[in-house]
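Here's the structure, in structure tokens; my notes come after.
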Amino acid sequence: MGDETARTTPARHSAAPARSTGPDADGPAPAPPPAAAEAAVPEPYLTELAAGVHAFIQPDGGWCLNNAGFVTDGDATLVVDTAATERRARLLRRRIAESGAPAPRTLVNTHHHGDHTYGNAVFAPEATVLGHASCRRELLAAGHQLHAVWPQVEYGDIRLTAPEVTYTDELTLHTGGIEVRLLHPGVAHTTGDTLVWLPRQRIVFAGDLVFHGGTPFVLMGSLTGSLRALELLRSLDAVTVVPGHGPVTGPEVYDGIERYLRFVGRLAQEGRAAGRTPLEVAREADLGPFAELAESERLVANLHRAYAELAGAAPGAPLDPIAAFGDMTTLNGGVPMACHA
């Protein structure tokens with residue numbers, strides 16, 4: 001089996017780490033060689049979605065390059081998520097200041113993963129950090145999670161800062177005159193996901209319930225729960241969707257995610273019935289229209305979760321991350337996935 005060639009074809013090769021450079025980097029950056037310059041990841045940028053509502057987009061949206069955002073009425077500011085490195089979190093803070101918004105007093109985490117939470121300390125204690133109760137528990141339990149997976153990355157001074165205010169089902173905030181609703185969809189991408197919904201503007205910050213152009217990832221959550229979360233997202237009738245990774249989009253993105261999740265479910269049912277391992281199924285899978293999604297190696301991790309649910313495991317029940325990440329490395333041609341931050 002080790003000599004077989006995987007039939008999955010990642011749309012974006014994730015073997016070589018890329019470093020962002022530019023005027024916001026800490027100190028002058030040496031000029032990269034031509035090959036590295038061509039592969040350099042573009043700097044993050046702000047896009048205004050409505051009056052006082054901005055998304056902070058981090059291309060290329062791959063591993064560790066998440067989106068964030070902020071909401072302000074000119075008197076108060078709320079931030080949605082941070083970034084995987086201190087430098088990128090400070091860039092987010094700088095961009096907020098440059099927009100003319102006051103310093104944030106509130107920060108909401110959509111879930112506990114380090115690319116969305118490592119930069120919390122850049123905003124705290126001036127900003128109060130909010131999140132789902134499970135987001136706090138998982139963040140504290142995971143510790144410096146990204147360091148464990150990608151120890152070579154220059155994260156900066158990362159002081160773990162968990163949500164100090166938590167909720168369980170729903171919480172409504174008011175950022176000045178802007179209503180912001182925090183909705184827990186149940187176990188989906190993780191056990192502690194939060195949708196940040198602006199009903200008047202019809203904008204939703206979906207966190208990693210939505211990958212736009214990237215492969216969904218449910219290893220630490222639930223396949224069935226992610227499908228239920230899509231129904232909640234549809235019920236909001238949002239016009240604008242800020243995904244956890246990838247460019248801003250609209251509600252049409254949900255259909256492709258649902259098709260992919262159902263594809264994973266079918267593969268799992270057939271593979272488990274045939275006595276095949278998640279890796280065997282993933283290596284032989286014909287991705288079809290999903291071959292264009294980046295980080296297609298996530299398929300095998302998603303199958304680990306789907307197999308567990310078929311065996312009766314509760315949504316979000318802990319799985320062996322070493323086994324899942326090892327299988328993803330195998331599916332990625334034997335090369336560990338790269339953190340792009």
inquiry  = Quick check: is Val53 connected to Leu236 through a chain of hydrophobic side chains (ILVMFWY, heavy atoms under 4.5 Å apart)?
reply    = no
inquiry  = Are the side chains of His144 and Tyr118 in contact, using a 4.5 Å heavy-atom criterion?
reply    = yes
query = Does Ala142 offer a backbone N or O that forms a donor-acceptor pair with the side chain of His112 under 3.5 Å?
reply = no
key: Charged tip of Arg298 within 45° of Phe217 ring normal and under 6.0 Å   = yes
key: Qualifying side-chain hydrogen bond (donor to acceptor under 3.5 Å, both in side chains) pairs with a residue from residues 195-205, counting only residues at least two apart or across chains   = Arg202-Asp237
ask   = Within the side chain of Glu86, is there an N or O that forms a donor-acceptor pair under 3.5 Å with the backbone of Asp157?
value = yes
inquiry  = Can you tell whether the side chains of Arg266 and Glu270 come within less than 4.0 Å, N to carboxylate O?
reply    = no
inquiry  = Going by ring-ring contact (aromatic ring centres under 6.0 Å, His included), name the pairs with one or both residues in residues 245-275, residues two or more places apart or in two chains.
reply    = His116-His245, Phe211-His245, Tyr260-Phe290, Phe263-Phe290
Minimum-distance pair of heavy atoms, taken over all atoms of Asp73 and Gly177 = OD2-N, 3.1 Å
ask   = If you measure from OG1 on Thr215 to CG on Leu293, what distance do you get to the nearest 0.5 Å?
value = 4.5 Å
ask   = Under a 4.0 Å N-O cut-off, is there an ion pair linking Asp327 with Arg283?
value = no
inquiry  = Whether the side chain of Gln145 engages the backbone of Gly114 through a donor-acceptor N/O pair (distance < 3.5 Å, no angle test) should be reported.
reply    = yes
Closest contact, heavy atoms only, Leu209 versus Ala188 = CD2-CB, 3.2 Å
message = I need the His147 NE2 to Cys339 SG distance, nearest 0.5 Å.
response = 10.5 Å
query = Out of Thr117, Thr110, Asp115, which one pairs with His113 under the side-chain contact (heavy atoms from CB on, under 4.5 Å) rule?
reply = Asp115
key: ILVMFWY network linking Leu198 to Leu130, side-chain heavy atoms under 4.5 angstrom   = yes
task = Answer yes or no: is there a side-chain heavy-atom contact under 4.5 Å between Leu183 and Val204?
result = no
query = Is a side-chain donor-acceptor pair under 3.5 Å present for Thr190 with Asp193?
reply = yes
ask   = Are a donor atom and an acceptor atom from the side chains of Asn109 and Asn120 found within less than 3.5 Å of each other?
value = yes
query = Are the side chains of Met220 and Glu138 in touch, meaning some heavy atoms are under 4.5 Å apart?
reply = no
query = So do Phe56 and Asp81 actually touch side chain to side chain, heavy atoms under 4.5 Å?
reply = no
request  = State whether Glu98 and Arg94 are salt-bridged, where the test is any N-O pair (Lys NZ or Arg NE/NH1/NH2 against Asp/Glu carboxylate O) under 4.0 Å.
outcome  = no
task = Could you tell me whether the side chain of Thr161 and the main chain of Arg159 form a donor-acceptor pair under 3.5 Å?
result = yes
query = Counting N and O atoms only, with roles assigned by atom type, does the side chain of Arg136 sit under 3.5 Å from a partner on the main chain of Thr166, one being a donor and the other an acceptor?
reply = no
Heavy-atom check, side chain of Thr128 versus side chain of Glu164, under 4.5 Å = yes
query = Got a sec, which residues hit ring-ring contact (aromatic ring centres under 6.0 Å, His included) with His54, two or more places apart in sequence or on another chain?
reply = Phe70
ask   = Hey, any chance Leu182 and Leu107 share a hydrophobic cluster, counting ILVMFWY side chains that come within less than 4.5 Å of each other, even indirectly?
value = no
note = Between Met337 and Phe325, the two heavy atoms sitting closest are CE-CD2, 3.8 Å
Atom pair NE2/CZ of His174 and Arg181 - distance to nearest 0.5 Å = 10.5 Å
ask   = For Ala83 and Arg88, which heavy atoms make the closest approach, and how far apart are they?
value = CB-CB, 3.7 Å
query = Below 4.5 Å, heavy atoms only, C-beta onward: do Asn67 and Pro243 meet side chain to side chain?
reply = yes
query = Linking I/L/V/M/F/W/Y whenever any side-chain heavy atoms sit under 4.5 Å apart, do Leu160 and Val149 land together?
reply = yes
query = Taking all non-hydrogen atoms of both residues, which atom of Tyr45 and which atom of Pro59 are closest, and how far apart?
reply = CE2-CG, 3.8 Å
message = Does this structure show an ion pair linking Arg87 with Glu43, if we count only N-O contacts that are shorter than 4.0 Å?
response = yes
inquiry  = Working note: Tyr167 + Leu173, criterion side-chain contact (heavy atoms from CB on, under 4.5 Å); need CA distance, chi angles, decisive distance, verdict.
reply    = CA-CA 12 Å; Tyr167 78 103; Leu173 309 173; over 6 Å; no
task = Applying side-chain contact (heavy atoms from CB on, under 4.5 Å), run through Asn66 and Gln58 and close with a yes or a no.
result = CA-CA 6 Å; Asn66 66 298; Gln58 296 201 87; 3.2 Å; yes
message = So, taking the atom named CG in Leu49 and the one named CD1 in Ile203, what distance separates them when rounded to the nearest 0.5 Å?
response = 5.0 Å
query = Which atom names give the shortest non-hydrogen contact between Ala84 and Leu146, and what distance separates them?
reply = CB-CD1, 3.8 Å
key: Thr330 side chain vs Gly326 backbone, donor-acceptor pair below 3.5 Å   = yes
message = In this structure, would Val264 and Ile257 fall into the same cluster of hydrophobic residues linked by side-chain contacts under 4.5 Å?
response = yes
task = Enter the distance from Thr175:OG1 to Arg105:CZ here, rounded to the nearest 0.5 Å.
result = 8.5 Å
ask   = Can you list the steps and then say if Asn302 with Leu223 is a side-chain contact (heavy atoms from CB on, under 4.5 Å)?
value = CA-CA 8 Å; Asn302 294 333; Leu223 178 67; 6.0 Å; no
ask   = Given side chains that start at C-beta, do those of Val180 and Val80 come closer than 4.5 Å, heavy atoms only?
value = no
query = Below 4.5 Å, heavy atoms only, C-beta onward: do Cys135 and Thr194 meet side chain to side chain?
reply = no
request  = State the OG1-CZ distance between Thr82 and Arg90, to the nearest 0.5 angstrom.
outcome  = 11.5 Å
task = With side-chain contact (heavy atoms from CB on, under 4.5 Å) as the test, would you mind laying out the steps for Leu233 and Val210 before giving the verdict?
result = CA-CA 10 Å; Leu233 279 164; Val210 173; 4.1 Å; yes
